[in-house]
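Nothing here was measured: the structure is a model prediction, and the numbers come from that model. These values consider heavy atoms only, across backbone and side chains, with no hydrogens, waters or symmetry-generated copies. Letters go in sequence order (proteins before strands), and every chain restarts at 1.
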Amino acid sequence: MSEDREKLKQLLLSEEIAEIEALRKLLEDQQQFSQKVSEVLDRATDITIKNNPKFQKKFSKIDSKAYVRAIKANKQTFIDALLPIIGPMIRQSVTNAIRRFVADVNRAMELGLSAKALKWRWQSLTTGVPFAELVFNNTIEYQVQQIFLIDNETGLLIEYAGQEGALLQDKDAMSAMLTAIQDFVKDSIDNESGGLSAAELGDKLLWLIAGNKANLAIVVKGAPTNRLRDTLTDACENIHIEFSDDLVNQETWNNNPELKLQLEQILLTKTQSDDQDSDKTINWWPWLLIIIGLFGWYFWSNYRDQKNQQQLLEQLNQTPGFVLQSLIKDGDQYIATGLKDPSADLSHISNQIQIKSTPFISLEDEMIAARAKEYLAMDGIHIHAENGVVTLSGTKSKPTDSSEKFDNLVLLPGIKSGNNQLTQQQSIEEKLAEFLDNNPTPANLKITAAQNTIAVTGQTMSSLSVPFLELLNQHFDQVNTDSLEIFETENLKKQISQSRLPMVNPDRINDEQKLILQTVVQAFNLLMTENQQLKLKILPRSDCQGTIEESNKNINSRGELVLQALLDSGLQPDDVLSEIVYCDQTQNEVNPDLLGVWFEVKE
Amino acid sequence: MKSKKICMIGRFAVGKTSLVDRFVKNHFAEKYQTTVGVAISTKIMDETTKLIIWDIAGFEQENHYKPYLRGAHGIIYVVDATEPESINTLDLILADSPELADKPAVCFVNKTDLKDDIKWQDSFDDKLNDIAKKTIWTSAKTGENVEDGFAELNKIIQ
Ligand SMILES: Nc1nc2c(ncn2[C@@H]2O[C@H](COP(=O)(O)OP(=O)(O)OP(=O)(O)O)[C@@H](O)[C@H]2O)c(=O)[nH]1
Ligand SMILES: [Mg+2]
């Protein structure tokens with residue numbers, strides 16, 4: 001049965017069967033089939049897309065798995081291809097992140113530790129205002145907190161950006177209300193001015209920026225600037241251009257991530273320090289001054305130490321008999337090590353220095369002199385050493401003094417020879433004799449020397465002795481004039497002229513009268529030392545009682561007696577004059593006061 | 001979530017505000033406080049819809065209500081079952097704003113709890129049927145049909 005049917009088929013359809021066979025081959029031979037399909041594919045897709053636009057989407061649909069596979073398989077190729085694009089993006093992003101991080105750290109540091117922050121915390125504690133609020137008020141100029149993009153017509157919210165749970169919580173009601181208000185204002189107040197543009201909401205500001213299809217309502221905290229308004233207006237315009245379709249397509253409202261992102265970009269915050277960079281930077285001046293001060297102090301104290309050390313060094317170096325080896329600072333003290341001659345005098349060295357010395361013999365001239373001086377132990381002499389030759393000068397008191405020691409000087413180290421220029425010291429007598437040789441002693445003065453004292457005795461006229469005594473005082477330390485009597489010329493003359501020798505008995509001169517005469521003679525002699533030409537005038541008198549003859553005889557007798565007495569006491573006849581005043585008439589009364597001899601000094 | 005703008009329109013004192021209050025806050029006040037301009041409330045109906053309810057001041061009192069109607073997705077006309085004049089008011093409103101006729105709308109006949117005072121005529125039904133797709137008898141005071149009424153509009157505007 002089936003065979004027959006096959007046969008029949010062959011008879012009737014052999015050509016068709018062959019054709020079908022050929023077609024099957026074509027289908028099975030992939031290469032050939034592809035060739036065929038490719039010939040029509042281009043047109044076919046055009047027609048398909050034309051008839052069914054959705055096909056395009058399907059066509060261009062990305063199989064993400066395929067991408068993942070491809071990337072896994074050819075990692076390097078992708079990396080090579082993407083690197084030029086991604087590299088700069090990554091860099092930019094990292095730079096931004098770091099910049100933000102630095103800014104955040106700066107801010108945190110500033111807020112965490114600054115005096116400002118402490119002040120605000122205190123304010124917050126005392127006033128009850130939240131700390132964050134104070135920080136905001138003090139650091140943020142303004143902050144865009146919420147942005148509503150509201151459809152003009154329906155008052156429905158198209159998109160929102162900002163903190164959730166912020167001031168305006170029911171965003172839809174808010175949008176509607178704002179639109180209603182906007183409408184109300186436009187309608188009832190002034191059509192021309194474009195309606196409400198700003199309102200105050202507690203401590204916040206509400207800004208309305210009108211757009212063609214949608215309005216921007218913006219909640220700003222702080223004190224926004226006009227520039228912010230410009231920025232927001234620009235943003236509103238941009239949104240109208242970029243999202244024009246979305247603004248009318250209610251399907252996309254409240255669910256448009258791109259638009260939301262766009263809005264989030266205008267959530268701007270401006271900190272006060274954005275303008276005032278100088279405020280943000282640390283004020284370096286006090287630190288700079290402190291550092292300069294420290295440096296100054298350091299250098300000055302160093303310089304002072306240096307100078308001090310220099311002075312000490314000089315002091316030590318200039319000390320004879322000390323050879324400085326090292327000077328080390330030890331705290332406030334210095335330790336000087338060196339060689340010290342036993343005769344060296346270190347008493348003048350500053351007590352800042354502690355000396356650690358080793359003895360040595362110095363051959364410096366100063367030390368040689370000091371050694372010689374120590375050895376001789378003589379006061380008041382001058383010892384000078386030069387190139388090992390020691391010269392002694394000055395005066396010595398005793399002739400024997402030190403002569404033996406002087407001979408031994410050469411045995412001391414460093415002394416080659418001695419040169420003794422010491423002079424013997426003069427005795428006071430010698431000195432006085434020498435003085436008197438040069439200065440003659442005034443008459444009547446007696447000058448003696450005893451026990452370093454010059455004693456001047458005798459009687460002398462002031463005019464003669466005073467210059468001499470002055471000289472004497474200049475030459476000698478101790479001049480004793482206690483026993484010296486010095487007279488003035490006038491005083492002596494007066495004394496003489498006031499002397500009266502009472503003489504009742506004209507025949508003789510008694511002892512008492514002799515004493516008076518002696519005084520007169522003495523005074524006159526003194527005057528004579530001054531002036532040899534002086535004469536002593538005697539004036540015998542009588543009371544002219546009794547007879548004139550008798551009286552005149554008595555006068556003569558008295559004169560002669562006194563003259564003789566004066567000559568007896570050493571006066572020369574030339575030295576004496578007499579002036580006798582005779583009686584020319586007698587007196588009745590006896591007057592003893594008129595009896596006697598008077599004196600006068602005549603030149 | 002889609003937001004839909006709906007407007008409450010009607011004569012003054014018909015109970016527009018009372019109905020919104022009942023619906024949104026489940027609250028009723030005897031005291032009459034007239035609405036000035038517009039009051040806005042929102043109510044989430046389901047996962048997909050949030051109603052933004054514009055409670056517009058009574059027609060006679062508010063001359064500037066027209067802008068508030070712009071873009072409304074749905075309208076709730078409110079009349080007072082005890083006050084026939086409130087039905088006439090709807091005519092005036094529609095005459096003033098003919099574009100309202102195209103909007104999806106329902107009509108609330110309110111204050112139905114005041115049964116003794118109801119002054120209703122059959123002609124009113126016809127009139128309301130012309131204006132709105134549905135007429136719902138409500139009482140803001142008791143809450144009767146209030147939620148259903150809003151749900152009805154919500155259905156229509158989807
Ligand atoms: N008994 C009763 N009283 C109602 C009802 N609805 C509203 N009222 C009262 O009617 C008065 C007016 O209500 P409103 O809701 O303020 O009226 P309205 O339509 O908003 O009025 P306007 O805002 O002036 O346009 C109030 O005293 C309400 O208590 C109700 O269903 N039953
Ligand atoms: Mg009201």
Original post:
Does NE2 in A:H240 sit with more than 12 non-hydrogen atoms of other residues, nucleotides or ligands closer than 6.0 Å?
Top reply: yes

Original post:
Does atom CG of A:N226 have more than 12 heavy-atom neighbours from other groups under 6.0 Å away?
Top reply: no

Original post:
For atom NZ of B:K134, is the number of surrounding heavy atoms from other residues, nucleotides or ligands below 6.0 Å larger than 12?
Top reply: no

Original post:
Do the side-chain N and O atoms of A:D170 and B:T42 include a donor-acceptor pair separated by under 3.5 angstrom?
Top reply: yes

Original post:
If you check every heavy atom in residues 143-153 of chain B against those of chain A, which residues fall under 4.5 Å?
Top reply: none

Subject >> A:N254, part contacting chain B, at a heavy-atom distance under 4.5 Å >> reply: side chain

**OP:** Would you give the length of the straight line joining atom NZ of B:K2 to atom CG of A:N255, rounded to the nearest 0.5 angstrom?
**Re:** 6.0 Å

Original post:
At what distance, to the nearest 0.5 angstrom, does CD of A:Q250 lie from NZ of B:K5?
Top reply: 10.5 Å

Original post:
Minimum heavy-atom separation for A:A180 to B:V38, with atom names?
Top reply: CB-CG1, 3.3 Å

**OP:** Sort by residue number and list every member of residues 72-92 of chain B having a non-hydrogen atom under 4.5 Å from chain A.
**Re:** B:H73

Subject >> For A:T179 against B:W54, the heavy-atom pair lying closest together >> reply: CB-CH2, 4.1 Å

Original post:
Would one find more than 12 heavy atoms of other residues, nucleotides or ligands at under 6.0 Å from atom CD of A:E264?
Top reply: yes

**OP:** Taking all non-hydrogen atoms of both residues into account, name the closest pair between A:D172 and B:S3 and its distance.
**Re:** OD1-OG, 3.3 Å

Original post:
Which atoms form the tightest heavy-atom contact between A:A176 and B:I52, and what is the distance?
Top reply: CB-CG2, 3.6 Å

